[in-house]
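Structure record follows, encoded as C-alpha cells.
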Amino acid sequence: DETVALLAAPSLTVAKSGSLNAGGNSRADAGDTVSYSYVVTNTGNTTLANVTVVDDKIADDATNIDCPSGGTSNVIATLAPASSVTCVATYSVTQANIDAGLITNIGTVSSGATSNTSSKTVTLAGSPSLEVTKSGTLNAGANNRADAGDTISYSYAVRNTGNVTLLNVAVTDDRISNDAVNIDCPSGGANNVIATLEPAQTVTCVASYVVTQSNLDMGSVTNTGTA
C-alpha cells in the first residue's frame, strides 16, 4: 500500500461593495444608509467551516451582518471549494461621515488559519446651501410715526439647507455700516459670524438701522442681507 499525501491549501477571498441609499432629495444626509455586500469565495482546495465575516464600521457584527447560514448571522457554516456566499449589512451615515466626504471601511473574512480583507470607499458628495430670511420692524417714537432718528430692528434667520456643516458663516447687510460690529450673531469671532451651522440648523442674527430724512422722503427703506 502507498499513501499519497494531499496537502490542504485553505484560501479565502472577499469582494466588498457598497451603495448609498439616498432619500428623496437624491443627496447624502445624516441618517441615510449604505448597503454593503460581501461576496465570500473559497479559493482553496478544502471545505471551510464557520467562515466569519466582520467589518470595522459595523457595530455588533454577529447581529448586524447577515449571511445565509450559520450559528450567528455573520457566520457561513460551510463553504466548499470554488463556492461563493454573499453576506450583507447596513450602515447608518453620520454627519461626521458627510463632513469628511466619504466612508471607508474594511471587511474581513476568516476561517481557521486563513483570512482575507477588502476595503470599500463610498463617496458622500457635499451639497452646501444657505437660506436667509430677513424681517424688519420700525421702532416709531411716541408720536407713532416715522421720523429721522427712529430705528428699524432687523432679524436675519440663517438656515443651513445643505448636507454639510458650515463654518464661519458671515452675515452682511448693504445698509448696515461696519457689519462685523453692528450685526449681532449668537456666536463667532466677530459679531456677524456664526461659528458653526449644522444641516437643518437655524441661527438668528439681529441689527439696528437708523432712519434718515432721505429714507423718509423716499417713503421706504430697502436693503439686502447676505449670508
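We use all heavy atoms of the structure for the numbers below, so side chains are in, but hydrogens, waters and symmetry mates are not.
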*Evaluation steps, side chain to side chain contact (heavy atoms under 4.5 Å, CB included), between Val109 and Thr52*: CA-CA 5 Å; Val109 293; Thr52 302; over 6 Å; no
_Residue pair Val88, Ile65: steps toward the side chain to side chain contact (heavy atoms under 4.5 Å, CB included) verdict_ = CA-CA 6 Å; Val88 295; Ile65 295 179; over 6 Å; no
*Checking side-chain hydrogen bond (donor to acceptor under 3.5 Å, both in side chains) for the pair Ser135/Ser155: CA distance, chi angles, key distance, verdict?*
CA-CA 5 Å; Ser135 62; Ser155 68; 2.6 Å; yes
*Kindly determine whether Arg27 and Asp32 satisfy salt bridge (charged side-chain N to carboxylate O under 4.0 Å, His left out), including the steps that lead there.*
CA-CA 9 Å; Arg27 73 180 189 194; Asp32 287 346; over 6 Å; no
*Show your reasoning for whether side chain to side chain contact (heavy atoms under 4.5 Å, CB included) applies to Leu79 and Val40.*
CA-CA 9 Å; Leu79 192 62; Val40 183; 4.0 Å; yes
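Side-chain contact of Ser214 with Asp217: a donor-acceptor pair under 3.5 Å is absent, judged by distance alone. With hydrogens and angles left out, the side-chain atoms of Tyr209 and Asn182 include no donor and acceptor closer than 3.5 Å. For the residue pair Thr33/Asn21, the side-chain donor-acceptor check at 3.5 Å is satisfied. No hydrogens or angles considered: a donor-acceptor pair under 3.5 Å links the side chains of Ser84 and Thr41. With hydrogens and angles left out, the side-chain atoms of Thr13 and Asn116 include no donor and acceptor closer than 3.5 Å.
With hydrogens and angles disregarded, a donor-acceptor distance shorter than 3.5 Å links the side chain of Ser111 to the backbone of Ala49. No donor-acceptor pair under 3.5 Å is formed between the side chain of Asn97 and the backbone N or O of Leu102.
Distance check, rounded to the nearest 0.5 Å: CG of Asn139 to OG1 of Thr151 gives 3.5 Å. Interatomic distance, OG1 of Thr172 versus CG of Asn192, reported as 7.5 Å (0.5 Å rounding). The CG atom of Asn74 lies 9.5 Å from the CG atom of Asn64; values are rounded to the nearest 0.5 Å. Rounded to the nearest 0.5 Å, atoms CG (Asn105) and CG (Asp56) are 5.5 Å apart. Separating the OG1 atom in Thr63 from the CD1 atom in Ile58 is a distance of 12.0 Å, to the nearest 0.5 Å. Atom OG in Ser17 sits 9.5 Å away from atom OH in Tyr38 (nearest 0.5 Å).
Taken together through direct or relayed side-chain contacts under 4.5 Å among Ile, Leu, Val, Met, Phe, Trp and Tyr, Leu130 and Ile183 form part of one hydrophobic cluster. Hydrophobic clustering of Ile, Leu, Val, Met, Phe, Trp and Tyr side chains at less than 4.5 Å, counting indirect connections, keeps Tyr36 apart from Val54. Taking hydrophobic clusters as Ile, Leu, Val, Met, Phe, Trp and Tyr residues chained together by side-chain heavy-atom distances below 4.5 Å, Val53 does not share a cluster with Ile106. Residues Ile152 and Leu216 fall within the same hydrophobic cluster, defined by Ile, Leu, Val, Met, Phe, Trp and Tyr side chains chained together at heavy-atom separations under 4.5 Å. There is no path of hydrophobic side-chain contacts, each under 4.5 Å, that joins Val39 to Val122.
The closest side-chain heavy-atom distance from Leu124 to Ile103 is below 4.5 Å.
Taking every heavy atom of both residues into account, Ser115 and Ser110 meet most closely at CB-CB, 3.7 Å. Contact between Tyr156 and Gly225 at its shortest, heavy atoms only, is CE2-CA, 4.1 Å. Smallest separation of non-hydrogen atoms from Pro81 and Asn42: N-ND2, 3.4 Å. Closest heavy-atom contact between Pro10 and Asn45: N-OD1, 4.3 Å. The two residues Asn160 and Thr165 have their closest heavy-atom pair at ND2-CA, 4.3 Å. Between Asn163 and Ser127, the closest heavy-atom pair is OD1-N, 2.6 Å.
Judged as a salt bridge (Lys or Arg N to Asp or Glu O under 4.0 Å), and not counting sequence neighbours, Asp179 has no contacts. Looking at residues two or more places apart in sequence or on another chain, you find a salt bridge (Lys or Arg N to Asp or Glu O under 4.0 Å) between Lys16 and Asp55.
The residues Arg145 and Asp150 are annotated as not salt-bridged, no charged nitrogen and carboxylate oxygen being separated by less than 4.0 angstrom.
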